[in-house]
Structure formats: C-alpha cells, structure tokens
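Quick note on labels: first sequence line is chain A, next is B, and so on, each numbered from 1.
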Amino acid sequence: MFNEISSKVSFPGMEEEVIKLWEELGTFKKSLEIRKNSKEFVFYDGPPFATGLPHYGHLLAGTIKDIIPRYQAMRGHYVSRRFGWDCHGLPIEALAQEALGLAGAPAIQEAGVDVFNEQCRSMVTKYVEEWEKTVTRMGRWVDFENDYKTMDTPFMETIWWVFSQLWKQDRIYKAHRIMPYSWKLNTPLSNFEAGRNYQDVQDPAITVRVKLLDFEFENASALIWTTTPWTLPSNLAICAGPDIDYVAIKDKETHQIFVLAQARLSAYYKKEEEYEILKSYKGSELKGLKYEPIFDFFADNENSFQILNDDFVSTEDGTGIVHMAPAYGEDDYRICREVDIPLVDPLDEDCVFTAAVPDYAGQFCKDADKAIIKALKHGGKLIHQSTIQHSYPFCERTDTPLIYRAIDAWYVKVEDLRERMLKNNEGVHWTPDYVGEKRFANWLADAKDWNISRNRFWGSCIPVWVNVDDKDDMICIDSIEKLEELSGQKVEDLHKHFVDEILIEKDGKTYKRTPEVLDCWFESGSMPYAQNHYPFENKEHFEANFPADFIAEGLDQTRGWFYTLMVLSTALFDKPAFKNVVVNGMVLAEDGLKMSKRLKNYPDPTLVINKYGADALRLYMIYSPVVRAESLRLSEDGVKNSLRHLILPWWNAYSFFITYANIDGWTPEQSVPERDNLMDRWIQSSLARLEQQVTDAMDRYDLQAAVRPFVAFIEDLTNWYIRRSRRRFWKTEDDTDKVQAYSTLYEALLGLTKIAAPFTPFISETIYQNLKTDDMPESVHLCDFPTAADAKRDEVLEGQMAMVMSAVEQGRTLRAEYKLKNRQPLAKMHVVCDDEKLLANIQALESLISDELNVRAVEFGTDSSELATIQAKPNFKQLGPKLGPLMKKAVPLINSLTDEQIASISAGETVAVELEGKTIKLTDADIEIVRNPKEGMAVSAEGALVVGLDTQLNDDLISEGLAREFVNKVQNLRKEMDLEITQRIHIAFSSDESIELAVASHRNYIEGETLALSCEKAANGGEKITEIDLNGHACAVSITAAVE
RNA sequence: GGGCGUGUAGCUCAGUUGGUUAGAGCGCAUCCCUGAUAAGGAUGAGGUCACAGGUUCGACUCCUGUCACGCCCA
C-alpha cells in the first residue's frame, strides 16, 4: 500500500516536511559520501556580503547554484559545495560605524582601529542565521558548517601568499589615486563618504592666458578657465578636445591673439565685431603645441607644458581648454600619466604650500587663491575674473571643503596580462555565450591596472613593511611564519589593529607596515586558493581540482568577481579559474523598475515561498530568460502559474495513481516488464525523450531549455496518457492489461521524480518517498540521473501518436463548430489520408479516436476527394533559389494547377508550365498540397489528414446521449454527497417517457458507470430528490448509499 | 559619451541555416468535458514582429541608422 494522499495538499507545508526529512536522514551529507570516490565536479561559490537579508537576486543565483550541482551529483560526481561569506569592506564598516556612532574615517581613528574592527567582526554574523534559513528553505543544499569566511586567519594568510606571488612577478607597484582628502583631519575619505555632505559655495572662476610657443601667430595665447586658482602653480599641461572646433581670434580692442573653443566665443564677447577670426582648428591639430609655464616653479618638469587631447573636455563652460594639475584632478592625473608627465604636489599633509612653491609657502592652498590671482593680474595673464556658485563636497566631521588630491595607492599591473587573459577566456564556456565572447572579452581587452589598496580599516592588510627612513626599501611578507621570523613575535590575527603594531627590525633598519588594506575584490578573486588555505594546506587536492567546473553569478559581476578571478588565476597559474559559468540577469519588480523597499513594488520572498512553495518559485525563475542574463520582471502571478501549470497537474497524476493503486492493492512488486499497449510504449518513449532533452540542455548549462520539455511531458502524461487510459485502471478484473498500465504509470512517475529532482527537489522527494521500494536509495537525491533513454525511445510511435492527436483535435473542433457536445454519441467519422502507411498507423489506434470523440465507428480511407478539394501551393524554399526573380509570377500559376496536374505530380511525374517564355518543370518537391474542406460538410483538414464527422442523429444515438447525460448528473451528485469512490449506490428517478426508455435500454451501462446496484423508476423518487435537466427533459433523481 | 544586451498579442515569453497563415501560456469572451478536481479541453477576439532605410525573388530573421529600456564602464 502507498500512503494515502490528502485531498488538501499544501505544497509549502509539504516542503517543510521534506526539509525535516533531509535533516533527519542527513541526506545532503550522504549525497556527498556516496560519491566520495567519484570524479569531482568542482563548484566555487561567490561570497555574498551578509549585511542584509537575501533578496530575489540571491535566491535566483542560489537556485542555479543548486540545480547544476544536484544534477552533476546525480550524474555520478562528487560535488562539494562550500558556502562563502564576504566579511570585509565598506558595507560592514558602514554598519559598524552606525552602531558606534562614528561619522567617518577620522572618527574611527580617534575611537581606535581596534575598537572599530572588533565591532565589525562582531557584526559580520548578524544576518548569517537569516541567510541560512532562507537558503535552506529554498531547497538549496550547501555546506554551511564547512563555510569559508574572508576574515578567517587561514584565508587571510593565503591572501598574503597571493599578493606575494604578484610581488615576485614585479606586478605590484605604487602610484597615486585622486581621492577626496580632509585637510583638517589629514586623511583621505572614500568617494562614498565624500558624497554625503555637499554644500553650495562660491569660488573664484578665472580665465587665464598661456603663451603659445612656436605657434603660427606670434604672441598668441590659449585661454584656460579654472575655479581652483591654487592649482595653477602646479599646472603641467593644458588639454583640448580632439573633435572640438577651436579658433584663433584677434581681440580688436587689445590686439591680442587668443585660442579658444568656437562654441565659447559668445561667453567672452558680446558682439562679433569685437574680434576677428584668424583661423579655425580641430583640437587634434593643436595637440603637441608648447606653451610657456604660467609659473616657473616646475619649469623643468619632464614632458610638461604642452597641449594634450582628451574626449572628456566639454564646451559647457570655460574656454574649451582645460588646465591640468595632475595631483589634483582625476582626469588630469589620468591624461598626464598617459604621456608620462610626473606629478608635482607642493602641498603638505595640512594642504599648506611647501617650499617647493616659495611665493606661497606656508599658506593654506585655498587661502592662496587671492595672492595667485593678484600675481596673474600683475603678469598680464588674467583675462577675466568672476565668481561661481556650485555644489561642493565637504568633510562630514569638520565641515571643511574637501580637497581632491593624489594619494599613495597600490596597483596590480594588469595591462600586460590582457592577451593571456583573453586566451584563457577562450577556454571558458559562457551561458549565454555573448557575455563571454563580447562583453567580458571586450572588458579584458581594455583591462586597466587594478587599484587594490583602500585607506580603510576592516580588511586584509597589504603585507608590505616599509623602511621608515627609505620608502623605497620594502619587505613583502608571504606567510605568518615569515612575519614571526622577521619580527620575533607570535602572530595570530592578521587584521590591521594587530599587524600594524608589529615592527620588523632588520640589519639595523626599522620597517613599519604600509597602512592600507586590500580591496575586498582581491579577496573574492583569491577565493579558489584562500578557501583551501593553499599552498599551506591541501596543495595536491587543490592542484588536481583547479580550475572549477562551474560558477554562477549575476551579470553585474562581469567587472566584479568574474574579472578578479580571471586576473589572479592568469597571473598565478596562467589558467582561467572556471570552465563553465552561468550568468543570470537582474531581477526587477513587476513594474519593470528596480525592486525598492521604499516603493514596496515587490512581494516579500518569504511570503511568496510560504504561499506557493519554493519549488514553484524555483521553476518560475529558471523557466525564464533570466538564466540567460536577461532581466526578469518578477510577478507573483508568474509563480502561481508555474504551480498551476506544472506542479499541480503532476501532483494530480500522482494522486490518481495512488488512489487507484491502493483500491486495487497494486504494489511495485507486481510490476511486469511487458508492454502490449501502444499507449504504454508511447508514454515510455515520451519519458525517454524528456530524459534526452533535459540531459542535452543541462550539459550545455541551458537551464531554461532544460525546463521547457517538462511542460510537454506533463501535458502528454496528464492530458493524453492518463486521460485516455483511465478505464484501464477502473476495470474490475485484475488482468494483464491493468497490471501493465499500473507498471507503466508507476515507472513514468518514478522516472519523472528523478529527472525533476534537481529542479523541484521538494515535490520530487515527496512523491519519490511514497513510490520507492525498500531496495531503492532512501532519497531521490541519492539516485542516479536516468540516462539510458535511447533504448525506450520510439520516434515512429511518437509520430503516429501525433497524427492521432491531430485527428482527435480536428474532431473536437468540428464538434464545437456544429454544437455537438461530446456526451452525444455520433454514428461515425471519416479519417482520410492518402499515404497508406500513415493511415495504417493511425488505424492501429482507432479505439483512442472513437473513444475520445464518442463516435461508434471510424471509417478510414485514402481518397479525400469526397470531403475536400486539393490545391497546390508553391514550396518557396525549394523553388525560390531555382526561379529567382520569376518566383513571384510563378505563384498564381502553381496555385491554379488542376487536380489532374497535382495528381500526376504527386504520383512522381513532372509537369511543365510556361512562364514568360520559359518552361518550368515542376516535381513533387516543388509543391505542397493543401486540402480545403468542402463547403456544407463537417470536415476539417490539417496537413495530410482530412477528418469528417457524420452529424446525423437518430433515436438510438439520442437515447444513448440521454443515458450518458444521466450518468454525468449522477456522478456529480455522488461527488456533492462526498461519497467514497468505491461506494455502491441505489438510484431512484422519475421523468418522462424518453428518459425512461433511455435508462431502460442502457441500464447496464448506467449501473456500471455509477456503481449503482439498482436504477429504478420511483413514483415520487426517494429521499433528497434533486431536479436535473437532461438535454431539455426534466428529471427528479435521488441516490442513496447502499448498505454493504 | 563607450561596450554589451533587450524591444514580437493587454501581460510573460517561444520563433531553428531568410521561405509567404508569426506561435504558446496567462487574462478576456463563448462553449465543452469531468470521480485526477487549488482541475482540464476547444474556439474566438487581440500583432504595421520598436521605427526608418538597405540587401534579396522573398526579411521577425541579414546589414546600416534612429528611438526606448537594462547592465557595466567613463
């Protein structure tokens, strides 16, 4: 006996039960144990920040990360799945700052880095519990016990090793990065921090001339514009936009010659009469022109004082020519670096001018503006002066304006790795392919050196100790052991507040650690090595199992994790870090906007799971283009649909099986291997096709394509196999056919649980648990994935069934058209197909057709001329290339071929037609035959098949129709009365003569169908009389349960 | 501004190497079936395949440009 199924199933409740079962049995662990000696399928999990609750994006990626490993495990691989946590970086620092009430970096330093970092450490695990709960509830199997955290000491030690490998390759270098700097607190801030305190301020806006040297006009000057006069002493270049139009003009009043953007002329001259245009230039033509330094403090600086070109220049304000002080502007720094202009930074840590600029030494930079403007005026270089009001970032703590300036930063040289990375990327299989071939490859081809240092606190430390007296003398530490050896101290924690205290004394010199921490992307990119504490431990195992077979993340990781993995694996091993990657798109709210807590434009994930179940949500997400990097508008209705469309019919099929198997006492032990019935062989073939299609798609990592065939199979199983086979299960005698039917349905349902297990792990498990026998694995997830499909595939039978289904469908359409309800039997139908072989195939399944359409006889024939006319249509694919330009004119000619001509063509002869003086020989392949139903007959035609329905009714047919109607109403009554399916009844009725006659002549049929022991006429009926309508005949019925 | 992608029915999506009637589900309307029942089936209405050019006998499909949206970058 199978367990009875409650008629009121709650899928979410069922899923909770399954989670309990897995916990009791330790199923996940067992699934690993049984594959312990198998080939590994290596999966890397990208670590999320646990600074908030998981959202749909996580659930989606998590589902993909569950399905592939489950599938591969069932395919016989050992798939370890370690969860990872990204513990460092700004998200967690922001939480800690909030908790401690610290406004920014300076406040943290004031409070103590140790206090702050320990606060971070204590908060990292704040959401871990919630994450575990949600991930588990989604049915994802992942190892939380054996997880890795980027803040674990072994993980951090490997980070040092990775860094040291790059160091040895001479790949690490120090340069600058332009950052917002608080001069009051002597510290750089992150861009994020700088963005939080903008204020409106007034600044000077001055236009200055710089004298051009060796220009075609003598005494000509380029005009530049700036709102930071204090940066002018550090001016090293000026920049024009290559595509911007510039003009040399003569000022008619002063007779000076100026060069500026044509589009900016009107900002300087009210009338055109005030100047004379001498010549026009493209910015690119000005490139390379030299000019006289504005101040002479750095006049000897290499490569300086020339006009450069860059696209960032605009003509929205200023003169269209931009002054460049590489130490004080991001664009300035980038553009000057490209042409090897060394930066000069004459400000000390308080942003006060140093002796490098003697004229202003000792003045705070912004305070020097006035003196600088004065000097320019004196030198005749100031052309125009005004003030400008704009929004400018201020330090949060001190409310002083931030200064953008060059800060020491550490870089990894990446640009020389481009080609090797591109080559390694060719070995990666991307889903979808364009993300790898275009998007990622383009990004690699243009990779820039990677800034890996952060002026922050909670992170892996840059393991470089610098000689306090000579900043070029550095030691890179590659392990705890080495640091202990050099420092003579025990080292247990590698966080900043510990290692900054450690000094190294060597050869009489003192070394102190450089203060920066590493970008947390450096840590996630090192995850393949660091999670294994490589090379300090697990050396052989790691080397044998690198790179990973599979990773999966969102499209936004192109420049994130995918990239950092590739940079580090290429630098360290000259390999990609992963062989297959599935890229998912973004999950949007139903309105197409980003999900927003504020707008509340999406349903809470927990509520959705508790309403429809995790299986439904999984299916919904996976059966969508979001698994191919396109975005998904998540809708609750969509989740509901996947439940109604796939899970419910599946459950109903299963429930049908259990109900009747239990009634008949059928058990799997009674299973037989023979299949005499074509329906049985057909559903077997259908299941085999499902196996093949799912396997193909999964091996390509195409999840959406893997789900699609389930829809067709569920359709086949429920709406054809079971629908057409029901009577085989209802038969009272226990004959061979019934046993074969049970065996087939049992196998189909069992097979389906295995194929669906990776996708819908819960319902698969629930059904499997009830179907399995003692000699089978205790969980569906411990089974092998079925792959022996080929043997059971019968494509001929599949095609045959498709024809039958088409005939039935046409019959149904005709019934609808002629308003003949299906309960009304018809005398006969015609099925005509001029291909005898096809016809014979259909004929073999005659009973299916007659049964389904409720016709007493089916007449098969090959001559369709009585039912339909034939017409030829051109086969464009065949004729197009042959006829070329004549094609259009051939169409009417072919459409009007006579029946005789068509007949001889299809008999294999060639028919010649004349077209514009040319003779065209038409063969069988050149035309397609279309059959058009004749007017006034109940005929339908589809492809080679013509179906006709005899719509004539006689008394006999009408009487049987009434009997069927009677049965239907009684069955509905049974259902209303909540009778057991097997409950016997007595029927009493009273009605007119035609009903009495119909009941009398179909008594056996009625009693058999309704399980009635008697069906008698009663003067006033019995108790509980129900009035029913039988095709217009009033009837009073009452049914009573029989006492056994 | 650049790279990549997307744009097909009211909504969510299919659409094979270009081939002439562009499909499915949901929703809507009408009907049918029902002891698998939180069901199921059929029919119908609903499309200038984002727009504009081009290539071709033939374009949803290939090419060019434009627009809108998304991701990443600047």
Side-chain angles (χ1 to χ4, degrees), chain A residues 5 7-11 311-312 314 330-331 334 432 434-435 437-443 445-446 448 554-560 563 583 585-586 588 590 592-594 612 620 623-625 628-635 637-638 640-645 647-660 704-705 708 711 715 717-719 722-723 726 729-730 808-809 811-817 819-824 852 854 873-891 930 968 970-972 974-975 979-983 1009-1011:
Chain A
I5 301 168
S7 59
K8 291 231 156 94
V9 59
S10 149
F11 289 105
D311 287 326
F312 99 99
S314 83
E330 217 169 320
D331 289 309
R334 171 178 59 83
Y434 65 79
V435 175
E437 284 164 19
K438 303 276 184 94
R439 194 182 163 103
F440 193 60
N442 287 352
W443 176 253
D446 203 29
K448 299 283 195 303
L555 187 60
D556 50 341
Q557 297 299 325
T558 318
R559 277 76 175 154
Y563 177 64
V583 184
M586 300 292 117
L588 305 176
E590 194 166 8
L593 302 173
K594 270 188 186 159
Y612 306 101
Y620 165 68
Y623 188 36
S624 84
R628 284 197 325 262
E630 286 174 38
S631 44
L632 170 72
R633 292 183 176 197
L634 185 126
S635 82
D637 271 348
K640 200 165 142 190
N641 281 341
S642 73
L643 180 73
R644 276 169 48 148
H645 211 61
I647 296 180
L648 262 179
W650 178 12
W651 184 262
N652 289 341
Y654 158 68
S655 154
F656 170 88
F657 169 79
I658 296 296
T659 307
Y660 288 98
Q704 192 189 17
R708 200 174 293 137
V711 180
E715 171 83 14
L717 182 69
T718 59
N719 285 331
I722 291 181
R723 180 186 169 84
R726 271 180 293 194
F729 297 92
W730 294 345
V808 167
E809 199 180 308
R812 277 204 282 250
T813 308
L814 288 171
R815 268 189 176 272
E817 212 172 297
K819 301 212 185 304
L820 291 164
K821 55 166 96 170
N822 221 31
R823 273 195 295 266
Q824 176 59 58
E852 180 68 21
N854 194 15
K873 288 262 156 113
N875 179 345
F876 285 91
K877 203 168 182 174
Q878 173 82 13
L879 280 171
K882 220 156 85 178
L883 297 182
L886 289 176
M887 186 68 221
K888 258 185 182 155
K889 287 169 180 155
V891 175
V930 178
N968 169 250
V970 172
Q971 298 287 41
N972 285 343
R974 284 185 64 115
K975 198 164 149 191
L979 296 182
E980 289 291 311
I981 292 170
T982 48
Q983 177 67 52
E1009 287 295 306
T1010 59
L1011 299 183

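Not less than 6.0 angstrom separates the ring centroid of A:W443 from the ring centroid of A:F440.
The residue A:P625 sits close only to the backbone: its heavy atoms come under 4.0 Å of sugar-phosphate atoms, none of a base. Looking at heavy-atom distances under 4.0 Å, A:F657 makes no contact with the nucleic acid at all. Residue A:Y620 is classed as having no contact, given no heavy-atom separation below 4.0 Å to the nucleic acid.
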Sequence-aligned protein contact record of nucleotides 18-26 of chain B, with B where the base is within under 4.0 Å of a protein heavy atom and S where only the sugar-phosphate is: -BB----SS

The contact string for nucleotides 68-74 of chain B, one letter per nucleotide 5' to 3', using protein heavy atoms under 4.0 Å with B, S and - for base, sugar-phosphate only and none, comes out as ---BSS-

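Contact check for A:Q824 versus A:N854: no side-chain heavy atoms found under the 4.5 Å cut-off.
Comparing A:P649 and A:K438, the nucleotide of RNA chain B nearest to each residue sits closer to the 5' end for A:K438.
Checked against salt bridge (Lys or Arg N to Asp or Glu O under 4.0 Å), A:R723 has the following partners two or more places apart in sequence or in another chain: A:E852. Residues forming a side-chain hydrogen bond (donor to acceptor under 3.5 Å, both in side chains) with A:R823 (at least two apart in sequence, or on another chain): A:E965, A:N968.
The side chain of A:R823 sits closest to B:C33 out of B:C33, B:G35, B:A39.
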Please list each protein N or O that sits under 3.5 Å from an N or O in nucleotides 6-8 of chain B, with the distance.
none

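With a 3.5 Å limit on both pairing distances and Watson-Crick or G-U wobble geometry required, the stems of 3 or more pairs in RNA chain B span B:1-7 with B:67-73, B:10-13 with B:23-26, B:28-32 with B:40-44, B:50-54 with B:62-66.
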Stepwise, does the ring-ring contact (aromatic ring centres under 6.0 Å, His included) test hold for A:Y612 with A:Y620? CA-CA 11 Å; A:Y612 306 101; A:Y620 165 68; 10.0 Å; no

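Nucleotides B:U56 and B:C62 are separated by 10 Å at their C1' atoms, to the nearest Å.
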